[in-house]
A.B. asks: 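Have a look at this one.
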Amino acid sequence: MKLDRMIGILSILLQQEKVTAPYLAEKFEVSRRTINRDIEALCMAGIPLVTRQGQGGGISIMDGYKVDRTLLSTTELKAILAGLQSLDSVCGTNRYAQLMEKLSVGSSNLLAGDSHILIDLACWQKASLAPKIEQLHHAILSARKVSFTYHAPKGESHRLIEPYDLLFQWSSWYVWSYCLERQDYRLFKLNRMTHLQTEEGFEKRSAPLPDLSPEKVFPAAYQVTVRIDAAYKWRLLEEYGPYSFTEQSDGSLIISSGFTDKDSIICWVTSFGEGAELLEPAELREELLDFVERMREKYKKEYKRFKHDR
């Protein structure tokens, strides 16, 4: 991409006194004419570049701007590399590491990155997730619609979208898009998308950035208070943080939190087994009791059937 190449050229010029157009052309695998156009574009953008012809000539940044070489320090470049490598971990490519290699020309010691920061965004579904990311990324760049089957708590549905952005949020990957069925912008979780098909092109809209605030994405329709056994303190620390609960004299933990629906409350409370008690609201205590009773009856019937078959 032109932007990647121009950033790469600028990075090289910030790190080296002078380079030649043939060198840049070979480095970025383009023609000298393309490099000359890139140099002109950088000059138009306000970068003070100087081109000297003949023996010992080349392209350099104007002497008065040498201080700009400190734009990115070695530590900052290593931090960038760690982030780019994390994208390769989920995409299953070396695209971003190759970009960093171009950006760090003249500083080969950067290529190892920061060995003390290891970021891997891959998940258990990496084999199926990586192709989705690649397909959606290509569709975004080429302005192509994408159709797919979406699996949500309310059931399956067929969707046709205009994709705009890929997002990694809440430990999962999402695509921000305009849903042609809902006639509105929607956030779709990639792990819930199957049978993706790239469709015809579309004219891009002036898409707003998504509002990713918890209040918008996960509106709290129910506020609950739960007592948790001290043995599960690690879970509350991991899921909600150290200031999410209060410790009682008997060692138990009281937490108040909002949930979007009743099913989520029941699933979360019962995931602690006997280690959690829903205190409020009272009407949900009754629904939780009904749920436990239904589960008890189900397993009771299964147990009787099993004993009869034996």
Side-chain angles (χ1 to χ4, degrees), residues 75 78-79 82-83 85-87 89-90 114-126 129 151-154 166-174 176 186-192 209-303:
T75 300
K78 285 185 175 181
Q85 287 175 330
S86 72
L87 294 176
S89 72
V90 71
D114 189 336
S115 59
H116 304 293
I117 301 178
L118 305 176
I119 306 173
D120 192 335
L121 300 181
C123 63
W124 294 110
Q125 296 84 22
K126 180 178 180 179
L129 182 61
H151 305 263
K154 295 182 179 180
L166 283 167
L167 308 169
F168 183 77
Q169 188 82 6
W170 311 296
S171 301
S172 296
W173 282 91
Y174 297 81
W176 174 246
R186 290 288 189 275
L187 202 60
F188 294 98
K189 197 171 187 176
L190 266 60
N191 282 338
R192 295 181 180 177
L209 293 175
D211 182 355
L212 300 180
S213 61
E215 296 79 12
K216 176 67 176 181
V217 182
F218 305 108
Y222 299 91
Q223 195 71 25
V224 302
T225 301
V226 184
R227 186 194 308 275
I228 307 290
D229 284 357
Y232 291 99
K233 183 177 182 179
W234 63 271
R235 271 194 62 179
L236 298 187
L237 287 170
E238 180 179 331
E239 296 176 12
Y240 292 94
Y243 307 111
S244 61
F245 56 86
T246 56
E247 297 192 39
Q248 306 301 298
S249 58
D250 61 356
S252 64
L253 312 169
I254 300 295
I255 180 172
S256 295
S257 184
F259 287 83
T260 57
D261 54 76
K262 295 180 181 179
D263 289 342
S264 297
I265 298 172
I266 293 175
C267 288
W268 188 74
V269 173
T270 55
S271 70
F272 290 91
E274 298 179 357
E277 178 187 0
L278 177 64
L279 302 178
E280 296 177 347
E283 60 270 20
L284 287 184
R285 285 175 59 91
E286 296 180 7
E287 294 193 29
L288 179 58
L289 177 61
D290 290 340
F291 170 79
V292 173
E293 288 294 338
R294 291 196 302 271
M295 293 297 294
R296 179 177 179 277
E297 287 300 316
K298 178 178 180 178
Y299 282 98
K300 186 176 180 180
K301 291 179 182 178
E302 292 293 333
Y303 178 70

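Not measured: the values here are computed from a predicted model.
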A.B. asks: State the CZ-NZ distance between R294 and K298, to the nearest 0.5 angstrom.
C.D. replies: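 One finds 11.0 Å between CZ of R294 and NZ of K298.
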A.B. asks: Would you call L284 and V269 a side-chain contact if the rule is heavy atoms closer than 4.5 Å?
C.D. replies: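 No. Closest side-chain heavy atoms not under 4.5 Å.
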A.B. asks: Taking the side chain as everything from C-beta on, heavy atoms only, tell me whether D263 gets closer than 4.5 Å to P153.
C.D. replies: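 In short, these two side chains do not touch, never coming nearer than 4.5 Å.
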A.B. asks: Side chain to side chain contact (heavy atoms under 4.5 Å, CB included) with R186: which residues, sequence neighbours excluded?
C.D. replies: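 By the side chain to side chain contact (heavy atoms under 4.5 Å, CB included) rule, R186 matches C179, R182, D184, F188.
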A.B. asks: What pairs of residues pass the ring pair (Phe, Tyr, Trp, His ring centres under 6.0 Å) test when at least one of them lies in residues 275-294, not counting sequence neighbours?
C.D. replies: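 Matches after skipping sequence neighbours: none remain.
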A.B. asks: Kindly indicate whether the side chain of L212, heavy atoms from C-beta on, has any atom under 4.5 Å from the side chain of L187.
C.D. replies: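 Yes, close enough: below the 4.5 Å cut-off.
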A.B. asks: How would you list, by chain and number, every residue that makes a salt bridge (Lys or Arg N to Asp or Glu O under 4.0 Å) with R192, sequence neighbours excluded?
C.D. replies: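 Testing R192 for salt bridge (Lys or Arg N to Asp or Glu O under 4.0 Å), a comparison that skips the adjacent residues, returns none.
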A.B. asks: To the nearest 0.5 angstrom, please state how far the CD atom of E277 sits from the CD1 atom of I254.
C.D. replies: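 E277 atom CD to I254 atom CD1 measures 8.5 Å (nearest 0.5 Å).
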A.B. asks: With sequence neighbours excluded, what pairs up with T270 under the side chain to side chain donor-acceptor pair (under 3.5 Å) test?
C.D. replies: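 None.
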A.B. asks: Under 3.5 Å, which donor-acceptor pairs do the side chains of residues 214-224 form with other protein atoms, sequence neighbours left out?
C.D. replies:
none

A.B. asks: If you measure from NZ on K300 to CD on E293, what distance do you get to the nearest 0.5 Å?
C.D. replies: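 Going from the NZ atom of K300 to the CD atom of E293 covers 9.5 Å.
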A.B. asks: Does a sphere of radius 6.0 Å around CD in E297 hold more than 12 heavy atoms from other residues, nucleotides or ligands, not counting ones at 6.0 Å or beyond?
C.D. replies: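 For E297, atom CD is crowded (more than 12 foreign heavy atoms under 6.0 Å).
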A.B. asks: Show me, pair by pair, the donor-acceptor contacts under 3.5 angstrom made by side chains of residues 226-239, not counting sequence neighbours?
C.D. replies:
unit_1, atom_1, unit_2, atom_2, d
Y232, OH, F272, O, 3.3
K233, NZ, E247, OE2, 2.9
W234, NE1, A231, O, 3.3
R235, NE, E239, OE2, 3.0
R235, NH1, S271, OG, 3.1
R235, NH2, E239, OE2, 3.1
R235, NH2, S271, OG, 3.2
E239, OE1, W268, NE1, 3.0

A.B. asks: Can you measure from CG (L253) to OG1 (T246) and round to the nearest 0.5 angstrom?
C.D. replies: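 Answer rounded to 0.5 Å: 8.0 Å.
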A.B. asks: Could you give the distance from CH2 (W173) to CG (L167), rounded to the nearest 0.5 Å?
C.D. replies: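 One gets 8.5 Å once the value is rounded to the nearest 0.5 Å.
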A.B. asks: How many angstroms lie between CD1 in I266 and CG in L289, if you round to the nearest 0.5 Å?
C.D. replies: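 Reported value, rounded in 0.5 Å steps: 10.5 Å.
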